[in-house]
Amino acid sequence: MDSNIWFKRPAADWNEALPVGNGRLGGMVFGRVEKECIQLNEDTVWYGGPQDRNNPDALRHLPEMRRLLWEGKLREAHRLAEMAFSGTPCSQRHYMTAGDLLLFMDNHRGETTGYRRELDLETAIASTEYRLGGFQYKRETFASYPDGVLVIRMETDCPDGISFYGRFDRKKGKYVDRTAGISGEMIMMANCCYGEGGKDYVLMLRAVAEGGTTRTVGEHIEVRGARAVTLLVTGATTFRYADPEEACKELLERAAGRAYSELRERHIADYASLFGRVSFRLTASGEELSAVKELSTAERLERLKDGREDHGLVPLYFQYGRYLLIASSRPGSLPANLQGIWNDHMLPPWDSKFTININTQMNYWHAETCNLSECHEPLFELIERLREPGRRTAAVMYGCRGFVAHHNTDIWADTAPQDIYLPATYWTLGAAWLCLHLWEHYRFTQDREFLHRAYETMKESALFFLDFLIADPQGRLVTSPSVSPENTYVLPSGESGTLCYGPAMDSQILRELFAACVQASQLLEADETFRSELSEALSRLPDNRIGKHGQIQEWLEDYDEKDPGHRHISHLFALHPGTQISPETTPELAAAARVTLERRLANGGGHTGWSRAWIINFWARLRDGEKASFNVKELLRKSTLPNLLDNHPPFQIDGNFGGTAGIAEMLLQSHDGVIHLLPALPADWPSGEVTGLKARGGHEVGIVWNNGALREATIRAYGEGVIRLRTGCSVSIEDAEGNPLPLEKQGNGVVAVHVGAAGTGVTNIRIAAV
Ligand code: FUC
């Protein structure tokens, strides 16, 4: 399996640098020979403190707003929305770069040979190697989760050893409040983050040199003639620590107490325990393998763009999505933001915050299916933190119980509307969609204790909508005001609009949320009255409808879209990540979903990375392996940077994560109560193997296929009960001892097998094509 992203030259720019991270700290390693740069991030380095931006005039204008929408008075409605329903002020806080670590190497002029830099996905170590003046040099960089530091190791066989000087920088010193040498081996840089006078954010470095001399001069650190050097870097803010300077010192002190080899081993043991759970390989011909053998990753990407097959690149991209989640979302960190954790700007694109009308959710689509359940936790923590501000927003702006969030949130879990942008701002389903991640986590892990806690949150989100929904003239319960993120419709008069009531996506999300709350309350034997209220509301939500083009209707009325190739395909939420449309249970709606996708794509759709990634997931759910595979290639060809990061453009990490999720969805699905092996296998992936994917119910699945058909599969089945399988061919099933297990054919290609005995933990079963 290809497990390295590698280059033959140093990074020419950020898009060629290699990312490392431990959830809290991130680094982009440039691998420059003479002037090394590692661009640094710390997940809580944001601008500004918490705010209360709830528009105090929303509530008293809500009846008028709804009336304008009933009456179709769009222009007035739009203006009122801008004034009365936007946040005050209109923007949340933004993420920022933490700074750069610059290292200037001595005696490094001249020609290098054998240059190679790579990111090894098996170890999460970025390394740079070269020969210079007849000697070998090697650097290794990793971000250790167990030790809370970024580690940079430099080694050489040159008898003069390693000499360099270095310092921190942040946009040429323009956003730096204080720099200092602290002791002979430590330097620091301090900045202002939340307006607390330059004491709230610290970056610190400690050099541990073997031999030679180390000293600080001004804001620099200098090492001369060391046999080897380990640099330890960390950062902290007042978001987590009362005294960030002390926190950094302590972290560095503790890390410095360990030998480099120990830091490295601890890091690999921690990382590999997550990463190593899943393997994925596509068989390539010998000819293909020798054609790509000497090619760097960027060269292989170019080769793919030229129309050549690369069966190694797809699994590499898939695993990179898993790597990036482990590196940007670990228990205790903030969730992966729009750029994961890697951002070089003071004011990043879309603030690099949490856009919760698709992007943040997409960041976590692969968390469960790809066996990284723990990495989902930071999102759950953020959802919890949304509750308090979300209650205020619900009460102040809409006079409702429960909690609500709009289409963005930030480090402070701000829930008031973001921007004054008609296609997006006035949408209230952000938290509701996020809450479905709690339910999915339960479905995958079967963790009852988690469900106990999560149910309260899901319930509180549903409660908001019981109050917020209103009956339309036909008695259906609809959201109002709302938008179909982030599209614009055209009326027969030619007038265009965004605000509406009851767009398809809202009802689809609420259908999933209410149904999840009903099921959870049944499992927990709680809240009977609430459950019947929800069931009643569920029956009154508008159905998914098919429009005049044969498409899924995006709005309650069959409007045309202003931009038929729009990147958001919100009304297919019901197909993915939702569960309401499937070729088996709702064939007409599935056919309409296909029309929707075809129309979007025929009109230039899929032009942003995340949109393309969502399209892969849609085609996989429609069981169209060919279309799914074509879009995987398009994602790589059109929306992927040389370092394999997703290119919105610019870099935005959701495409990586959504792409990985889509590839998993092609290999295994389990959303509709059936474990479906190879549901969307394309002809150009004829043979391969995947292990460690997760199915709902807590089962772990491995699949081997040959000549386009299932050969065998293994399931580590969790608990006792019936597993329903769709395999696409006749199979026999046996237990770990080789005893055949009885199968029951249930029609529609589904076979059922009973696994486990009461009280058993895990049962291994083997499925073989016959
Ligand atoms: C939404 C999308 C954009 C971008 C931004 C972060 O507004 O429509 O494409 O992904 O979020």
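In this chain, numbering begins with 1 at the start of the sequence shown. All ligand and atom numbering here is 1-based and tracks the order in the structure.
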Do any nitrogen or oxygen atoms of ligand 1 lie under 3.5 Å from a protein nitrogen or oxygen, and which ones?
{"residue": "ligand 1", "atom": "7 (O)", "partner": "E486", "partner atom": "OE1", "Å": "3.1"}
{"residue": "ligand 1", "atom": "7 (O)", "partner": "E486", "partner atom": "OE2", "Å": "2.6"}
{"residue": "ligand 1", "atom": "8 (O)", "partner": "E486", "partner atom": "OE1", "Å": "3.2"}
{"residue": "ligand 1", "atom": "8 (O)", "partner": "E486", "partner atom": "OE2", "Å": "3.3"}
{"residue": "ligand 1", "atom": "8 (O)", "partner": "R567", "partner atom": "NE", "Å": "3.0"}
{"residue": "ligand 1", "atom": "8 (O)", "partner": "R567", "partner atom": "NH2", "Å": "2.9"}
{"residue": "ligand 1", "atom": "8 (O)", "partner": "H568", "partner atom": "NE2", "Å": "2.6"}
{"residue": "ligand 1", "atom": "9 (O)", "partner": "R567", "partner atom": "NE", "Å": "2.9"}
{"residue": "ligand 1", "atom": "9 (O)", "partner": "W610", "partner atom": "NE1", "Å": "3.1"}
{"residue": "ligand 1", "atom": "9 (O)", "partner": "H648", "partner atom": "NE2", "Å": "2.7"}
{"residue": "ligand 1", "atom": "10 (O)", "partner": "N359", "partner atom": "ND2", "Å": "3.0"}
{"residue": "ligand 1", "atom": "10 (O)", "partner": "W610", "partner atom": "NE1", "Å": "3.0"}
{"residue": "ligand 1", "atom": "10 (O)", "partner": "H648", "partner atom": "NE2", "Å": "3.4"}
{"residue": "ligand 1", "atom": "10 (O)", "partner": "Q652", "partner atom": "NE2", "Å": "2.9"}
{"residue": "ligand 1", "atom": "11 (O)", "partner": "N359", "partner atom": "OD1", "Å": "3.4"}

Tell me, with the steps shown, if N337 and S352 meet side chain to side chain donor-acceptor pair (under 3.5 Å). CA-CA 6 Å; N337 65 37; S352 200; 3.2 Å; yes
Hey, can you tell me if Y559 and Y489 have their rings parallel, tilted or perpendicular (30° and 60° cut-offs)?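 Aromatic pair Y559/Y489 classed parallel.
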Among D558, L572, I546, find the residue that satisfies the side chain to side chain contact (heavy atoms under 4.5 Å, CB included) test when tested with Q551.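 For Q551, the side chain to side chain contact (heavy atoms under 4.5 Å, CB included) check succeeds only for D558.
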Are F354 and W433 an aromatic pair, judged by ring center distance below 6.0 Å?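 Ring centroids of W433 and F354 are no less than 6.0 Å from each other.
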Within 45 degrees of the axis of the six-membered ring of F468 and under 6.0 Å from its centre: does R66 put its NZ or CZ there?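 Relative to the ring axis of F468, which defines the angle, R66 lies inside both limits.
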So do F318 and V314 actually touch side chain to side chain, heavy atoms under 4.5 Å?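 No, side chains not in contact.
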